[in-house]
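See structure below.
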Amino acid sequence: MRILRAAGETVEVHNYIDNTGVQVADVVVGFMHLENRTLDDIRALADRPATTRAESFDYYCWELYSRVGAWYEEDKARLELRARTLHEIEEGGNPTAEIGEFISSRIVDCHLDTMARLDISYDLLARESEILHLHFWAHAFEKLKASGAIVFETEGRNKGCWVMKAEDETAQGAEESEHDADKIIVRSNGTVTYTGKDIAYHLWKLGKLGLDFHYRMLRHDHHDREVWITTGDESAAQSNHPPFGNGTAFLNVIDVGQSYPQANVKRGVMMIDHDERVARSAHLAYEKVTLTPAAAVELGMELSEADAQRQQIGMSGRKGLGVKADDLIDRLEENALREVQARHTDLDIERQRHIARQIAVAALRFFLLKFTRTSIIAFDFNDALSFDGETGPYIQYAAVRANNIFRKLGRTPDEARADFKAITAEQCNEIFSGEGGDDLWSLVYFAARLNEVMQVSAAGFEPTHIAKYAFQLAKQFNLFYHSYHILREENETRRQCLLMVADLTRRRLEKALSLLGIETPERM
RNA sequence: GCGCCCGUAGCUCAGUUGGAUAGAGCGUUUGGCUACGAACCAAAAGGUCGCACGUUCGAGUCGUGCCGGGCGCACCA
């Protein structure tokens, strides 16, 4: 989002809230049938003051969710309870749905708090419940039927369903093939599948549905910007909302496992809105983070022999196996704070904490961004917790060093720039063609490439290009920093040239970091 | 069976549209702080780019076929 905006695009950040799905249903089942709790009980639990992470509502639900998973395993017949609960939540207007609504809202709050720690925020939270209740599907259904995108099957395996036919029907040939290429959109019992709902949602994104959500302001984020959420309750709606939807293209950031359903969604939308801007839209697939066997052991998992041999082990919420973002950030902040306190005893605790938070965010964000989207990230605690080498803090450190030069000099970069203006082109040329001139040119040239790298990164939807570039620039700056001691330079002209090189690099470093969502601390 | 992704140094990964002796980080070995703070720098060791053909003046990169690993292919979301 930051990179696309910097490249001149207008971007709206939405987060799809699947508040009527199986995960919510399972937690509801856990509260209602494993723990026999009422809505008031759950409310009390959510409202109790939490002194440890384990007592927080989201941690409680995470743990409960895996318990429900195990409970289903004991007796598959219990899955009937999930189906019923899911149905009641979709229906709305009953106690089960009320509990579901409460839980999902609270979890969204927790999620936003966690994301805020990483400087992540959203413009709009679009809820699945509204897509159902505001009849998005009914409108999309008519359009799909009218366009011939879906047809009603009167015979065969899919009898009684509305299906989207496979593109290469003839090439398919074999009737008895194990897998059917046709995609069912409406089931024989008349209910709509996920793909159908998602097609409706995407038609809305492009302003092609002829319907809109109601909106209300949910909260201000950590930068005091408004975060809006959809609502099906017209009386709660606020009309002073920013414009949402009506996009010219959409980018769905979902893991690569969703490639097949996403391809179907795009196909469905294309049949109604055959437009180059839709063609430009894409499923921006990324690979998941998995655990190294060592990390899995550290999380308390007992490895089978087969697992220990594996390269990676998938995380699973159902099994309760995963790294919780808040835990990881906590550890990063603790480690960073220790380092800061060892180095900067003069700063008060609040400033130390602030710096520690900035470093922790840099470490985690860079750790995730240093990989390409398509490579599976094998999560290792040592790598993720590191502040040395190819890490976010390394780059921050280079930028802070550059700033320290000016701090020690007693002049701001702007003042130094004014001094520099007094130097003639000839004098400058002499420095840059003199001893070490090539080193200076090489750094200046590399620093000047940020914009080009940003374009490549935006065009390929690949933030890692910026990340790799930022690291290389920091590395080159550190070399320069060691090779040329600026404040000790006696030649006044030369010193001012070196200062300008340092300032140029500093600005590019900070810009690159900000594109990655990383701040530059005042001290390190 | 069909489709997608991956295979590059001991480990984790980069490698723009095909272009010169294939690059980082970590780890290992060695050296460097009277400091613009060493969260750093320098040096060394370490690679048949999974295998085999093909296209090309030239292939880690493009094509085909194998081998190995991961993930999809619901009237679930």
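A note on names: the letters A, B, ... follow the listed sequences, proteins ahead of strands, and every chain is numbered from 1.
- Pairing of B:C4, defined by two Watson-Crick or G-U wobble distances under 3.5 Å, is identified with B:G70.
- A distance of about 8 Å separates the P atoms of B:G50 and B:A9, rounded to the whole Å.
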**Message:** Between A:Arg78 and A:Glu73, does the salt bridge (charged side-chain N to carboxylate O under 4.0 Å, His left out) criterion hold? Intermediate values first, please.
**Reply:** CA-CA 9 Å; A:Arg78 290 167 177 165; A:Glu73 284 295 313; over 6 Å; no
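- The partner of B:G54 is B:C62, by the rule that a Watson-Crick or G-U pair needs both atom distances under 3.5 Å.
- The P atoms of B:G25 and B:A14 are separated by 16 Å, rounded to the nearest whole Å.
- Look at the P atom in both B:G7 and B:U16: the space between them is 12 Å, to the nearest Å.
- Taking the C1' atoms as reference points, B:A74 lies 49 Å from B:G58, given to the whole Å.
- Here B:U16 is the nucleotide among B:C13, B:G37, B:U16 with the atom lying nearest to any side-chain atom of A:Arg449.
- Distances were taken from every side-chain heavy atom of A:Lys183 (C-beta onward) to each of B:G15, B:A77, B:A74; the shortest belongs to B:A74.
- B:U29 sits 37 Å from B:C67 when the C1' atoms are compared, rounded to a whole Å.
- In this structure, of B:A74, B:A14, B:A38, it is B:A14 that holds the atom nearest to the side chain of A:Thr372.
- Look at the P atom in both B:C49 and B:A44: the space between them is 23 Å, to the nearest Å.
- Between A:Trp204 and A:His14, the distance separating the two ring centers is shorter than 6.0 angstrom.
- Residue A:Asp438 places its CG atom among 12 or fewer non-hydrogen atoms of other residues, nucleotides or ligands, all under 6.0 Å distant.
- Contact annotation: side chain of A:Ser375 to base of B:C6, donor-acceptor pair absent below 3.5 Å.
- For A:Lys145 and A:Phe141, the positive end sits near the middle of the six-membered ring, less than 6.0 Å away and at most 45° from its axis.
- If you take atom C1' in B:G46 and the same atom in B:G10, they sit 8 Å apart, rounded to whole Å.
- The A:Leu479 side chain lies nearest to B:A42 when the options are B:C75, B:A42, B:A77.
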